[in-house]
Peer 1: 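One structure follows; several queries about it will come next.
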Amino acid sequence: MNHHAAFQEWVHTGGRIVGQAAVEPVENGYRLAHREDADAIRAGDLAWDALELFTRPEEARTVALYDEAMAFRPLKTAPNLRRGWRLELETAAELHLAIEFLYPAAIGLWVAQREGRLRSAPLKETLGRQSGMYAVTRKATPGQIDATLASCCNSCGGCLKTILWATPEQKKALPAGKFEAASPADELPLHCHEACNLFVGTLRDEIKK
Amino acid sequence: MTAPNIQRALIIVGHGSTVNPDSAMPTWACADEIRRRAIFDEVQVAFWKEEPSLRQVLYTVESREIFVVPNFISEGYFTQKVIPRELGLPGQSAAEATTTRLPDGRLLHYCPPVGNHARMTEVLLHRAREVAPEAPPAETSLVIVGHGTALNDNSAVAAKRQVALIHELGLYGEVLAAYMEEPPLVSDWATLTTMPHVVVVPFFVADGLHSYQDIPVMLGMEPDPGEAMSRREVFRKNPRHLHGRKLYFGSALGTDPLIAEVILDQARAAAAGGTP
């Protein structure tokens with residue numbers, strides 16, 4: 001099934017959460033907001049009108065660019081998506097694009113994982129490929145890798161993705177749930193099929209300490 | 001795995017940054033413009049330092065045929081080594097588009113970077129005119145700034161090539177290249193140039209700390225290298241009166257609307273010559 005059809009099926013069969021964003025089909029299209037704002041509205045503590053309105057999918061990038069403190073968010077799956085916005089879109093294609101901007105590659109990786117095509121790369125392979133300023137990471141010790149996992153990948157302050165590449169030893173650095181690909185039916189899983197550049201950069205800093 | 005009615009994808013590759021929100025902007029802007037024109041079934045971006053990453057991006061497109069255009073000024077470490085490696089392609093010369101059959105059967109055309117394209121001279125001249133519309137070119141020194149560094153970076157070569165091309169046109173009183181990390185240094189602009197007007201254009205894709213801060217400090221436009229300046233502050237102040245000259249400073253080239261045309265040209269050239 002192609003990405004667009006798969007994501008549409010998910011949304012129209014109760015899919016509601018992508019990372020920290022909540023999505024719902026509405027009368028004239030789709031509405032996206034921070035999931036905590038959506039919860040507050042459902043609880044009667046907040047009104048839709050109180051949220052800043054955006055209507056173009058590209059504006060999802062604006063929403064995702066800075067956190068609440070106006071710090072740049074290079075990693076879109078960091079758990080610091082700002083609140084206070086709503087994105088109202090007319091078409092399924094616009095929704096798809098907005099999700100791609102809020103959580104880049106999430107839909108494609110999810111479909112690939114469902115179809116058994118997502119190949120995860122062990123950390124050793126990822127580090128073995130590095131060159132230039134990152135070549136030093138090939139020499140990382142298990143302790144340095146654990147420290148980087150704990151600082152870079154933890155779901156509280158690091159990253160919301162589920163790690164698919166860790167060895168049993170590496171999995172000890174974080175709670176077990178961090179490595180389980182399954183997620184609640186209304187949540188789109190965010191897969192990490194190999195360590196990202198941010199991880200490799202942080203590991204380099206750890207080695208250089 | 002490909003969807004039957006999705007035929008052609010364009011992936012524009014930028015460097016991206018973990019600290020500078022403006023690094024990815026020109027690449028996003030080109031993708032938006034090309035997507036709006038509906039020339040490709042899919043238009044995607046990928047970055048070395050941001051998401052979607054080069055390791056993720058091939059999972060995000062479904063087309064049978066994929067065109068990858070690096071939004072880089074020069075051939076070098078990134079275009080010849082990092083991008084092909086991360087996409088799982090064989091090593092590339094990058095002087096011409098190369099075509100690879102991916103393990104899943106898709107065809108990937110890896111195109112030369114935007115900086116190689118003949119129209120980049122036009123982009124540079126466009127930016128120079130835009131920055132200093134009132135400066136008579138015959139009385140103007142045009143300084144093209146490259147990074148200049150050791151690590152397989154051909155930015156100095158690319159800047160020199162543009163200097164030669166623009167010099168041949170005979171439009172400007174003087175055209176020269178200057179660098180941030182090797183002589184002739186940008187900071188020596190006052191002695192390197194002789195004309196009453198001096199227009200400085202960074203031969204970079206994106207405005208980052210180099211163009212907001214490093215170059216303005218090297219030019220003597222800004223005394224304090226402490227706090228990073230915003231783009232607006234730096235570029236709004238043209239011209240500066242320094243050393244008895246009028247100094248004009250331009251933003252990086254990636255925001256020029258012509259870059260989208262250059263990207264399309266690079267993909268078209270691959271489509272014309274690259275399919276086996």
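Chain A is the first sequence line, chain B the second, and so forth, proteins listed ahead of strands; every chain is numbered from 1.
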Peer 1: Side chain, backbone, both or neither: which part of B:Thr18 has a non-hydrogen atom closer than 4.5 Å to chain A?
Peer 2: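 Both parts, backbone and side chain.
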
Peer 1: Of the backbone (N, CA, C, O) and the side chain (C-beta and beyond), which part of A:Thr77 lies under 4.5 Å from a heavy atom of chain B, both, or neither?
Peer 2: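 When you check distances to chain B, atoms from both the backbone and side chain of A:Thr77 fall under 4.5 Å.
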
Peer 1: Counting only heavy atoms closer than 4.5 Å, note whether A:Arg119 contacts chain B via side chain, backbone, both or neither.
Peer 2: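 Contact with chain B involves both backbone and side-chain atoms of A:Arg119.
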
Peer 1: Sort A:Leu65 into side chain, backbone, both or neither according to what part of it lies under 4.5 angstrom from a heavy atom of chain B.
Peer 2: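 The side chain, not the backbone.
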
Peer 1: Around atom CD of A:Glu90, are there more than 12 heavy atoms from other residues, nucleotides or ligands closer than 6.0 Å?
Peer 2: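 It does not: A:Glu90 CD has 12 such atoms or fewer within range.
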
Peer 1: Considering all heavy atoms of both residues, which atom of B:Tyr77 and which atom of A:Ser131 are nearest to each other, and what is their separation?
Peer 2: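 Minimum heavy-atom separation between B:Tyr77 and A:Ser131: OH-OG, 2.7 Å.
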
Peer 1: Taking C-beta and beyond as the side chain, do A:Glu100 and B:Gln44 meet within less than 4.5 Å on heavy atoms?
Peer 2: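 When only atoms from C-beta onward are counted, B:Gln44 and A:Glu100 do touch, with a gap below 4.5 Å.
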
Peer 1: So do B:Tyr59 and A:Leu118 actually touch side chain to side chain, heavy atoms under 4.5 Å?
Peer 2: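 The answer is yes, as the side chains (C-beta and beyond) meet within the 4.5 Å cut-off.
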
Peer 1: Considering only heavy atoms, which portion of A:His193 lies under 4.5 Å from any heavy atom of chain B: side chain, backbone, both, or neither?
Peer 2: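 The answer is the side chain of A:His193.
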
Peer 1: Let's go through B:Asn20 and A:Phe72 carefully: what are the C-alpha distance in whole Å and the side-chain angles of both, what is the deciding distance for side-chain contact (heavy atoms from CB on, under 4.5 Å) to 0.1 Å, and is it a yes or a no?
Peer 2: CA-CA 7 Å; B:Asn20 170 22; A:Phe72 174 47; 5.7 Å; no

Peer 1: Taking every non-hydrogen pair under 4.5 Å, which of A:Ala106, A:Ala105, A:Ala112 racks up the most with chain B?
Peer 2: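 Highest number of heavy-atom pairs under 4.5 Å: A:Ala105.
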
Peer 1: Under 4.5 Å heavy-atom distance to chain B, tell me which part of A:Leu97 shows up: side chain, backbone, both or neither.
Peer 2: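 Just its side chain gets close to chain B.
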
Peer 1: Does any backbone or side-chain atom of A:Gln130 lie under 4.5 Å from a heavy atom of chain B? Answer side chain, backbone, both or neither.
Peer 2: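 Both backbone and side chain of A:Gln130 come within 4.5 Å of chain B.
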
Peer 1: What I want to find out is whether A:Glu194 reaches B:Arg55 closely enough, with some N-O distance under 4.0 Å, to be called a salt bridge.
Peer 2: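 Result for this pair is yes, salt bridge flagged.
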
Peer 1: Does the side chain of A:Pro104 come within less than 4.5 Å of B:Phe47's, by heavy atoms?
Peer 2: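 Result no, sub-4.5 Å side-chain heavy-atom pair not found.
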
Peer 1: Heavy-atom cut-off 4.5 Å, strictly under: side chain, backbone, both or neither for A:Tyr66 against chain B?
Peer 2: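 A:Tyr66 touches chain B through side-chain heavy atoms alone.
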
Peer 1: If you count heavy-atom pairs within less than 4.5 Å of chain A, which of B:Pro21, B:Ser53, B:Pro52 leads?
Peer 2: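 With the most close heavy-atom pairs to chain A, the winner is B:Pro21.
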
Peer 1: Any salt bridge linking B:Asp32 with A:Arg61? Criterion: basic side-chain nitrogen under 4.0 Å from a carboxylate oxygen.
Peer 2: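 Here B:Asp32 pairs with A:Arg61 in a salt bridge, since their nearest N and O are under 4.0 Å apart.
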
Peer 1: Of the listed residues (B:Gln56, B:Lys49, B:Glu50, B:Arg85), which shares the most heavy-atom pairs with chain A below a 4.5 Å separation?
Peer 2: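 Highest number of heavy-atom pairs under 4.5 Å: B:Arg85.
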
Peer 1: Would you say B:Glu51's side chain and A:Tyr103's backbone share a donor-acceptor pair under 3.5 angstrom?
Peer 2: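 Flag not set: sc B:Glu51 to bb A:Tyr103 has no pair under 3.5 Å.
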
